[in-house]
Each structure stands twice: as structure tokens, then as C-alpha cells.
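Inspection log for the structure reproduced underneath, given as C-alpha cells.
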Amino acid sequence: MKIEILGMGCAKCKQLMANAEKAVKETGVQAEVVKVEDMNQIVGYGIMTTPAIVIDGEVKAAGKVLTVEQIKKLIV
Amino acid sequence: MIKPVIDWLVYEIFKMPHGAILSEAVDFFLYDTIKIFLLLIVIIFIVSIIRTFFSPEKTRAILSQKRTYAGNVLASLLGIVTPFCSCSAVPLFLGFVEAGVPLGVTFSFLVASPMINEVALIMLWGMFGWKVALLYIGSGLVVAIASGIVIGHLKVEDLVEKFDHKKPGSAVLGAEMTVKDRIDFAKDYTLDILKKIWIYVVIGIGLGAWIHGYVPADFLAKFAGRDNWFAVPLATVVGIPLYSNAAGVIPLVSALTEKGVALGTALAFMMAVTGLSLPEFLILRRVMKLKLLVIFASVVGVGIICTGYLFNFILR
């Protein structure tokens with residue numbers, strides 16, 4: 001599983017990244033968490049607000065920081 | 001309702017002498033702080049509930065059908081209610097432009113959205129009264145609409161940086177929110193904002209209370225009164241780097257108007273603080289050529305300065 005965090009490095013993006021990493025760790029799911037900071041790629045997903053979370057190429061949420069619990073539900 | 005309690009606290013419990021400057025400053029500080037925080041909590045909560053019914057995606061869909069004039073008016077109004085933070089300015093800008101929203105209409109949105117924000121409005125209402133808050137909304141809308149129309153007519157489409165990416169897919173996001181979702185969102189959002197601004201509010205009101213008590217009335221009339229023509233442009237320029245501190249700046253400005261700063265000058269200053277933001281310009285530089293940014297800042301700046309002069313002229 002590939003989890004991408006889209007954002008240009010604002011505080012909220014970092015928080016979402018940390019939450020995603022924690023969710024992966026706590027559930028033990030095999031997943032790679034990567035940060036996407038490239039503007040072209042971010043816009044390519046069709047989102048207009050950051051941070052956004054993309055799981056296996058599908059945008060799951062944009063413009064908000066999902067909690068660890070919410071991310072767990074998405075990846076389990 | 002709060003005032004008698006504060007008076008009782010200051011004069012009966014703290015046993016501070018009546019009529020002394022210090023007691024008045026303390027009284028002023030406690031009253032304003034409590035009043036502002038109550039307003040902030042209640043109104044940010046209500047505004048965030050309203051915001052859950054809007055999203056940048058919906059706003060884009062509405063605006064892509066519109067042309068100049070009607071589009072500018074609608075974009076400015078939607079700018080008030082659409083949730084948007086300046087860190088998303090770039091994807092939002094590109095998303096609008098690529099969906100066929102005219103550039104001028106996009107700019108109306110980009111001006112109105114940060115300028116007419118709930119924190120600034122609450123602070124204005126609390127410190128200046130509802131008339132000034134309404135005046136601010138009205139003039140903010142006019143500046144946003146007019147700036148967008150002017151930029152639209154300048155035909156500056158070639159000054160948008162070219163982006164090389166695949167056709168944006170339209171992200172379809174989740175199901176409709178339930179009532180509980182909306183309340184949870186509003187609660188988180190309110191706490192988030194309060195955490196970010198409370199210190200500026202307290203410092204701003206504290207300094208304001210000090211100015212209220214210790215600076216002689218009309219002290220500033222000579223420098224920033226309505227007869228001083230360069231006060232308005234100066235206030236606008238000084239306001240640009242103060243973006244993140246809108247919450248702290250307004251109580252300060254409120255105290256300064258008591259000491260002779262003209263209201264139009266104060267309004268121009270506050271519009272520059274919220275509407276012209278240096279960090280946002282730096283972010284937008286990624287999608288706009290420098291020339292377009294300069295045009296954007298100048299058009300909005302001129303609009304704000306005109307508003308300042310206008311109010312200094314009519315509020316005599």
C-alpha cells in the first residue's frame with residue numbers, strides 16, 4: 001500500500017504526515033508513507049486544498065488533517 | 001451584562017481606587033478580553049458550521065459558469081464563506097483557472113477570501129461596533145469586486161506561469177457530512193483558530209488598554225488625523241507585513257482611533273493587514289510572474305487607499 005501526503009510543507013501537512021506514520025505503525029499494515037511536495041503532482045490529483053491524503057492513487061481527503069483513528073479506518 | 005461583573009471585580013474584589021488610570025486600564029482590559037473571547041468562540045463556531053456547506057470544489061463549479069461582473073460579485077461573496085487558507089492558495093488558483101474561471105473572477109475570490117474573514121469581523125464588531133464591521137464588509141466587497149474587474153480587463157493571462165502536468169482529475173471526496181460531522185468540524189476549527197490567535201488578542205487588547213489609559217487624547221491627531229493626506233497610503237503599506245497578526249492589530253487600532261487616528265485611515269490599515277499578505281504573495285509567486293503579483297498588489301492597494309480616503313471624507 002502506498003500512502004501519499006500532498007502539501008507544500010505547511011504545519012498542517014507535517015501533522016497529517018505524522019498522523020499517517022503513526023496509524024501505519026499502530027496497525028502494523030504494510031505501507032509506505034511518502035510526502036509529495038511537487039506542485040505539478042499535487043495539482044495533478046485535482047485537489048484544491050492541502051494537505052491531502054492519497055491512498056493507492058485515490059484521494060481520500062483534502063484540506064483537512066485526518067486523525068490517527070480516521071487514517072486507521074482507511075488503511076485497515 | 002459583563003460590565004457590572006468586571007466593575008465589581010476590579011473595584012470591590014481587587015479594591016482598586018475609582019477614577020485612577022490604572023484601575024480604568026485594568027477594567028478596560030478585562031472587559032474587552034472577556035467580551036472578545038466570548039464573541040470569538042460563538043461566532044467562529046457558527047461560521048464554521050456555515051462553511052461545512054461550502055467547499056472550494058463547489059465554489060469552482062459555480063464560478064466556472066460565470067463571466068465578468070456577475071462572476072466577480074459572486075466570487076467575492078463566495079470568498080467570504082468558502083473555507084480557504086493561504087497555504088492552499090496555489091492549488092486553488094490553478095484549480096480555478098484550469099476549470100475555466102476567468103482570471104479576474106479568480107482574483108476577486110483571492111482578495112475577498114482573506115480580507116473578509118471571521119476573526120477580523122469579530123474583532124471589529126467587538127472593538128468598534130457593528131456599524132464599522134458592516135462598513136468593513138461592504139468596502140471589502142467593493143475592493144474585491146473592483147480589483148477583479150480591473151485585472152480581468154488588463155488581459156494578463158500570459159503572466160500566469162505555465163504548468164506542465166497531466167489534466168487534473170476531479171477528486172470526488174467522500175459522502176455528505178452528517179450533522180455530527182459538521183459540529184465536530186466546527187468544534188475543531190474553533191479550537192484551532194483560538195489556539196493560534198489567543199496570544200495576539202491578549203497582547204493587542206493589553207496594549208490597547210495601556211494606550212487607552214496612558215496616551216493623551218488627540219496625541220496622534222497631528223500625524224494620522226483625516227487632514228493628513230499621506231496617513232492613508234502609509235497605513236496601507238505598513239499593514240502589508242502584519243498579516244498573521246490581524247487579531248492583535250485590531251484592538252490596537254481601536255485604541256489609536258480614540259487618540260486621533262481617522263477611521264478611514266484605520267480601515268485602510270486593517271484591510272491591508274488582512275487583504276495584502278506578504279506570505280501569500282511569496283506562495284503565489286510559484287504560479288504568477290512577478291509582474292502579475294505587482295499588478296495584483298497595486299490594484300488592491302489602490303482600492304484600499306481609495307476606501308480610506310472615501311471614509312475619511314464622508315465620516316467627518
Side-chain angles (χ1 to χ4, degrees), chain A residues 1-23 27 29 31 33-76, chain B residues 48 51-52 54-61 63-64 82-99 101 106 109 113 161-175 177 181 184-186 188-189 191-192 195-196 244 279-280 282-287:
Chain A
M1 182 185 283
K2 189 176 181 190
I3 303 173
E4 289 164 289
I5 306 296
L6 318 183
M8 291 186 295
C10 54
K12 283 182 183 172
C13 312
K14 284 175 193 139
Q15 183 63 49
L16 183 61
M17 181 84 187
N19 288 358
E21 278 168 348
K22 198 169 176 206
T27 52
V29 172
V33 184
V34 288
K35 204 166 187 184
V36 178
E37 292 190 330
D38 179 62
M39 203 53 240
N40 288 330
Q41 262 179 290
I42 294 176
V43 180
Y45 279 107
I47 56 144
M48 285 203 290
T49 46
T50 55
I53 182 165
V54 175
I55 298 179
D56 288 335
E58 194 183 334
V59 180
K60 292 294 184 187
K64 55 185 169 190
V65 179
L66 294 188
T67 61
V68 177
E69 291 308 313
Q70 284 169 321
I71 299 172
K72 277 184 189 171
K73 278 185 198 147
L74 291 174
I75 59 177
V76 171
Chain B
S48 0
R51 286 215 165 138
T52 62
F54 293 84
S55 72
E57 286 79 12
K58 276 188 210 164
T59 297
R60 172 174 67 175
L63 293 179
S64 60
T82 308
F84 162 68
C85 106
S86 63
C87 52
S88 297
V90 166
L92 186 119
F93 179 82
L94 290 177
F96 271 35
V97 171
E98 287 181 354
V101 178
T106 305
F109 181 89
S113 191
E161 298 277 8
K162 294 287 169 287
F163 264 81
D164 176 36
H165 58 76
K166 54 187 180 202
K167 188 96 183 118
S170 50
V172 185
L173 294 173
M177 294 172 95
D181 288 341
D184 284 344
F185 170 85
D188 291 346
Y189 188 82
L191 281 176
D192 223 37
K195 252 191 268 173
K196 227 182 293 178
S244 51
E280 194 184 312
L282 291 178
I283 292 172
L284 285 174
R285 175 66 188 87
R286 298 193 192 192
V287 278

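A, B, ... follow the sequence lines: proteins, then strands. Residue 1 opens every chain.
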Once you round to the nearest 0.5 Å, how far does OG1 of A:Thr50 lie from CG of B:Leu92? 10.0 Å
Taking side chain as everything from C-beta outward and backbone as N, CA, C, O, which of these in A:Lys12 sits under 4.5 Å from a heavy atom of chain B? Side chain, backbone, both or neither. side chain
Honestly, the part of B:Asp188 sitting under 4.5 Å from a heavy atom of chain A is neither
Which atoms form the tightest heavy-atom contact between A:Met8 and B:Pro91, and what is the distance? CE-CD, 4.2 Å
For A:Lys35, look at atom NZ and say whether over 12 heavy atoms of other residues, nucleotides or ligands are found less than 6.0 Å away. yes
Can you tell me which portion of B:Phe96 sits under 4.5 Å from chain A's heavy atoms? Options are side chain, backbone, both or neither. both
With a cut-off of 6.0 Å (strictly less than), are more than 12 heavy atoms of other residues, nucleotides or ligands near NZ of B:Lys58? yes
Ignoring hydrogens and angles, tell me if any N or O in the side chain of A:Thr49 forms a donor-acceptor pair with the backbone of B:Ser88 under 3.5 Å. no
